[in-house]
Colleague: 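My structure is below; once you've seen it, I'll send some questions.
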Number of protein chains: 2
Amino acid sequence: MTTIKDVAKKAGVSVATVSRFLNDSGYVSAEAAKAVTAAVEELKYELNPIARSLNTKKSNLIGLILPDITNPFFPELARAVEDVALTYGYTVVLCNSDENPEKEKNYIETLKKKYIAGFIVTSNQLDAPHYANANVPIVALDRAINEKIPTVSSNNKEGAIMGTNALLEQGCQNILFLRGPAELNPANDRYEGFMAAIQQSNAKYQVVTCPFHFTDSQKIVEHVLKENPQIDGIFASSDVSAAGALKAASLVGRHVPNELQIIGFDGVAMGEMLSPGLTTVAQDVYKMGAIATRVLIKRIENEMVEQNFYEVPVKLIVRGTTRSVGE
Amino acid sequence: MTTIKDVAKKAGVSVATVSRFLNDSGYVSAEAAKAVTAAVEELKYELNPIARSLNTKKSNLIGLILPDITNPFFPELARAVEDVALTYGYTVVLCNSDENPEKEKNYIETLKKKYIAGFIVTSNQLDAPHYANANVPIVALDRAINEKIPTVSSNNKEGAIMGTNALLEQGCQNILFLRGPAELNPANDRYEGFMAAIQQSNAKYQVVTCPFHFTDSQKIVEHVLKENPQIDGIFASSDVSAAGALKAASLVGRHVPNELQIIGFDGVAMGEMLSPGLTTVAQDVYKMGAIATRVLIKRIENEMVEQNFYEVPVKLIVRGTTRSVGE
DNA sequence: ATATTATATGTAACCGGTTACACACTGAGA
DNA sequence: TCTCAGTGTGTAACCGGTTACATATAATAT
């Protein structure tokens with residue numbers, strides 16, 4: 001392995017000069033620069049990031065903390081984070097937290113010892129002290145951590161209004177809203193959006209809380225549908241729930257979209273594969289991840305960030321579970 | 001930050017003794033051990049992994065190189081890798097390669113500079129020199145790299161035989177096999193399995209190559225189904241293709257499973273959400289990831305590994321796209 | 001009694017960089 | 001001519017550990 005000393009020797013300068021040149025810090029004459037460039041080239045020298053980290057106390061590692069990569073929402077996010085990180089020369093460490101504060105804390109501690117550059121976090125531990133005191137750049141994704149921490153999320157309320165109106169416009173008179181867990185900010189925003197839109201209308205509605213889990217959703221909806229045959233539209237706060245609702249509809253024997261229309265929320269790939277294809281309010285997850293990463297890197301590199309809150313617009317994707325367009 | 005020097009001073013010993021005690025290397029007397037333990041405790045000392053890495057030239061980072069975390073096969077794998085890594089004190093770096101040798105190579109180089117402990121790799125660049133010459137422990141996942149590199153994969157051939165026989169037993173007489181890309185080892189093994197089983201029978205069959213991509217598969221199957229109304233069974237080499245086939249069937253108006261039975265391969269979560277639920281030959285992806293990680297860590301820690309090839313059994317999950325059991 | 005081995009510890013070099021500090025030179029302004 | 005700011009460079013300390021080597025003592029073998 002060639003070291004900075006080898007380069008210095010070859011270039012006929014001191015290691016300090018080489019370092020200064022490489023980091024573009026301090027004064028370096030044109031000749032010295034040329035000599036060093038040549039030596040680096042010739043020796044194929046590559047700086048050792050570990051040695052550097054040891055005294056700068058910085059690395060180019062970014063920690064991505066999310067509940068569970070297995071949840072269909074996150075892979076695309078992770079992908080975006082990694083893509084952007086790569087272009088800026090950062091590397092992504094994957095951390096599944098299971099929403100467990102202990103695990104989160106543990107990861108933060110462990111990675112801080114490695115001089116991690118920053119974190120992108122999706123968590124409910126909004127104001128857990130391990131974030132407030134982390135003393136390292138953080139960007140929150142999807143769910144706000146606290147006001148001081150920049151946050152990137154979808155325009156959930158807007159999206160819910162959009163979805164509700166789509167159902168209304170297609171003639172639904174009796175809508176079931178599948179509300180997500182109350183601990184989740186995005187779920188609450190979606191609920192607010194639904195309420196805002198539905199109350200503008202004359203339609204009847206009911207709200208049922210429903211975890212973002214396929215089988216559970218299916219069972220809940222199956223039950224509700226049996227009790228309430230008059231329901232002609234379902235707006236689910238997640239695609240997984242919507243998929244459960246769709247299955248429930250088929251089990252209960254209600255034709256989608258003729259007798260019952262369904263709209264999901266998220267826009268995961270699976271929606272397309274269902275029959276009929278799932279109409280959904282799609283989040284631009286990739287974009288969220290990309291923005292979050294860029295903001296984080298700006299923070300890391302001490303550039304000014306203009307704002308502290310980024311809302312990524314959602315988009316209605318119309319497929320077969322609503323009537324507007326057949327498939 | 002408290003350093004090893006602080007601990008040494010507090011314990012009244014030299015840094016060498018502290019280091020020896022902490023690493024359980026060399027001789028340390030009982031008294032010294034006690035003093036150091038107390039000092040560590042009192043100062044809440046935690047060893048700096050970067051400083052250590054600098055001279056051991058080792059870290060506790062594991063690189064996970066896979067084509068695309070967005071592909072539904074990989075999140076569970078990543079999850080398993082991370083879970084196991086965590087219990088052994090390792091941290092996972094996520095690398096999406098897009099099957100691009102340049103990217104793979106680049107990641108390997110970059111991470112080697114960080115003294116990465118080892119890699120878990122899913123790649124087709126079977127014997128690319130950057131693996132052979134990586135000079136760092138590697139375990140291959142799903143697809144073999146070369147004989148010297150331990151490999152963990154599913155029992156693909158066995159699984160394909162199992163799936164084919166299931167179709168046969170349910171009375172299929174004319175089976176369409178959706179073969180995966182020829183560059184992929186697992187796809188070839190599945191093809192072999194299918195051929196072995198089908199040739200034992202009197203059933204007619206045809207084979208069509210089909211990428212692991214939903215819309216493409218759907219279109220291909222739609223076309224084939226129109227041309228060949230006699231097809232009464234489809235065995236897809238992947239669940240995504242099977243989902244495409246299922247959708248194609250519904251578009252072409254063939255009832256599943258009455259007129260046409262479908263079996264997929266992989267066992268991704270999405271299969272359950274389809275209507276009818278997808279019968280599939282499920283891989284135990286989590287287990288594959290877990291085994292791979294354990295094997296890698298053994299290699300890293302210079303323990304003997306018994307074998308160089310691990311086959312994880314697959315399992316037939318019967319749902320609604322085959323007749324055996326309704327839903 | 002002496003040689004040998006196992007146990008125990010400290011000193012200092014080293015891993016591969018960054019950077020504070022000292023020093024030298026140049027040219028402009030007083 | 002003297003001063004001073006700006007430019008350029010090297011020496012050596014430092015980041016926080018590990019480890020080769022030297023040294024010392026106790027226990028065992030011969």
Side-chain angles (χ1 to χ4, degrees), chain A residues 1-40 43-61 89 109-117, chain B residues 1-40 43-61 89 109-117 301-302:
Chain A
M1 177 183 252
T2 72
T3 74
I4 197 171
K5 278 175 201 152
D6 304 326
V7 174
K9 188 174 291 177
K10 182 125 223 158
V13 299
S14 71
V15 292
T17 299
V18 176
S19 179
R20 276 189 290 255
F21 172 72
L22 260 23
N23 295 294
D24 196 21
S25 66
Y27 298 109
V28 176
S29 68
E31 300 107 287
K34 220 173 80 184
V36 172
T37 308
V40 165
L43 300 173
K44 298 199 185 311
Y45 169 71
E46 296 183 281
L47 196 143
N48 181 321
I50 297 294
R52 166 183 277 177
S53 283
L54 185 56
N55 45 77
T56 60
K57 300 190 185 311
K58 274 170 196 149
S59 75
N60 54 357
L61 251 34
E109 302 283 305
T110 305
L111 293 176
K112 273 182 71 178
K113 278 190 236 151
K114 292 192 203 295
Y115 300 130
I116 192 115
Chain B
M1 178 184 253
T2 72
T3 73
I4 197 171
K5 278 176 199 151
D6 304 327
V7 174
K9 189 175 290 177
K10 182 127 223 157
V13 299
S14 72
V15 292
T17 299
V18 176
S19 178
R20 276 189 289 256
F21 172 71
L22 260 22
N23 294 295
D24 196 21
S25 66
Y27 296 109
V28 176
S29 67
E31 301 107 286
K34 220 172 78 183
V36 172
T37 308
V40 165
L43 300 173
K44 297 198 186 312
Y45 169 71
E46 295 183 281
L47 195 144
N48 181 321
I50 297 294
R52 167 183 277 177
S53 283
L54 186 56
N55 46 74
T56 60
K57 301 193 186 307
K58 274 171 195 145
S59 75
N60 55 358
L61 251 34
E109 301 283 303
T110 306
L111 293 176
K112 274 182 70 177
K113 278 189 237 154
K114 294 192 202 295
Y115 300 130
I116 192 113
E301 297 178 355
N302 282 318

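Each chain gets a letter, A, B and so on, in the order the sequences are listed, and its residues count up from 1.
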Colleague: Ignoring backbone atoms, test whether T17(B) places a side-chain nitrogen or oxygen under 4.0 Å from the OP1 or OP2 oxygen of dT9(C).
Modeller: no
Colleague: Between T56(A) and R52(A) (side chain of the first, backbone of the second, donor and acceptor by atom type, cut-off under 3.5 Å), is there such a pair?
Modeller: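 Confirmed, T56(A) side chain pairs with R52(A) backbone.
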Colleague: Any side-chain N or O of K113(A) below 4.0 angstrom from OP1/OP2 of dG16(D)?
Modeller: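 Answer is no, no contact under 4.0 Å.
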Colleague: Examine the base of dG17(D) for any acceptor or donor lying under 3.5 Å from a partner atom in the side chain of N55(B), and report the outcome as yes or no.
Modeller: yes
Colleague: Please determine whether a side-chain nitrogen or oxygen atom of T56(B) lies at a distance below 4.0 Å from atom OP1 or OP2 of dC15(C).
Modeller: no
Colleague: Looking at Y27(A), does any N or O in its side chain come under 4.0 Å of the phosphate oxygens OP1/OP2 on dT7(D)?
Modeller: yes
Colleague: Between K58(A) and dT18(C), is there a side-chain N or O to OP1/OP2 distance below 4.0 Å?
Modeller: no
Colleague: Could you tell me the separation between the CG atom of D24(B) and the P atom of dT7(C), rounded to a whole number of Å?
Modeller: 13 Å
Colleague: If you assign N23(A) and V13(B) each to the DNA chain C nucleotide with the nearest heavy atom, which residue ends up on the more 5' nucleotide?
Modeller: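 So the residue in question is V13(B).
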Colleague: Starting at the 5' end of DNA chain C and moving along, which residue's nearest nucleotide shows up first, G12(B) or S25(A)?
Modeller: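 Taking each residue's closest nucleotide, the earlier one in sequence belongs to G12(B).
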Colleague: Could you tell me how far apart Y115(B) (OH) and dC15(C) (P) are, to the nearest whole angstrom?
Modeller: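 Whole-Å distance recorded here is 10 Å.
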Colleague: Rounded to the nearest angstrom, tell me the gap between atom CG in N60(A) and atom P in dG17(C).
Modeller: 14 Å
Colleague: For K9(A), I'd like to know if atom NZ has over 12 heavy atoms of other residues, nucleotides or ligands within 6.0 Å.
Modeller: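 Open.
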Colleague: Remember a base hit wins even if backbone is also touched, and classify S19(A) as base, sugar-phosphate or nothing at under 4.0 Å, heavy atoms.
Modeller: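 Result for S19(A) = base.
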Colleague: If you compare every side-chain N and O of S14(B) against the phosphate oxygens of dT9(C) (OP1, OP2), does one of them come in below 4.0 Å?
Modeller: no
Colleague: What's the CD1-C1' distance between I50(A) and dC14(D), to the nearest Å?
Modeller: 18 Å
Colleague: By nearest atom, which of the nucleotides dT9(D), dG10(D), dC21(D) is closest to the A16(A) side chain?
Modeller: dG10(D)
Colleague: Just how far, in rounded Å, is C1' of dC14(C) from CG of N48(A)?
Modeller: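 Nearest whole value for this atom pair: 14 Å.
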Colleague: Enter the distance from T2(B):OG1 to L47(B):CG here, rounded to the nearest 0.5 Å.
Modeller: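 Taking OG1 in T2(B) and CG in L47(B), the distance rounds to 10.0 Å.
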Colleague: Write down the distance between NZ (K9(B)) and P (dT9(C)), rounded to a whole number of angstrom.
Modeller: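 About 20 Å, once rounded to whole Å.
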Colleague: Taking atom P of dT11(D) as reference, at what distance in whole Å does atom NZ of K5(A) sit?
Modeller: 13 Å
Colleague: Touch check for Y45(A), heavy atoms < 4.0 angstrom, all strands: base, sugar-phosphate only, or nothing?
Modeller: sugar-phosphate
Colleague: Will you find, in the side chains of K57(A) and N48(B), an N or O donor that is under 3.5 Å from an N or O acceptor?
Modeller: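 Looking only at side-chain atoms, N48(B) and K57(A) do not form any donor-acceptor pair under 3.5 Å.
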Colleague: Rounded to the Å, how far apart are R20(B) CZ and dT11(C) P?
Modeller: 11 Å
Colleague: Under 6.0 Å from the NZ atom of K112(A), do we count more than 12 heavy atoms belonging to anything else shown?
Modeller: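 It does: K112(A) NZ has more than 12 such atoms within range.
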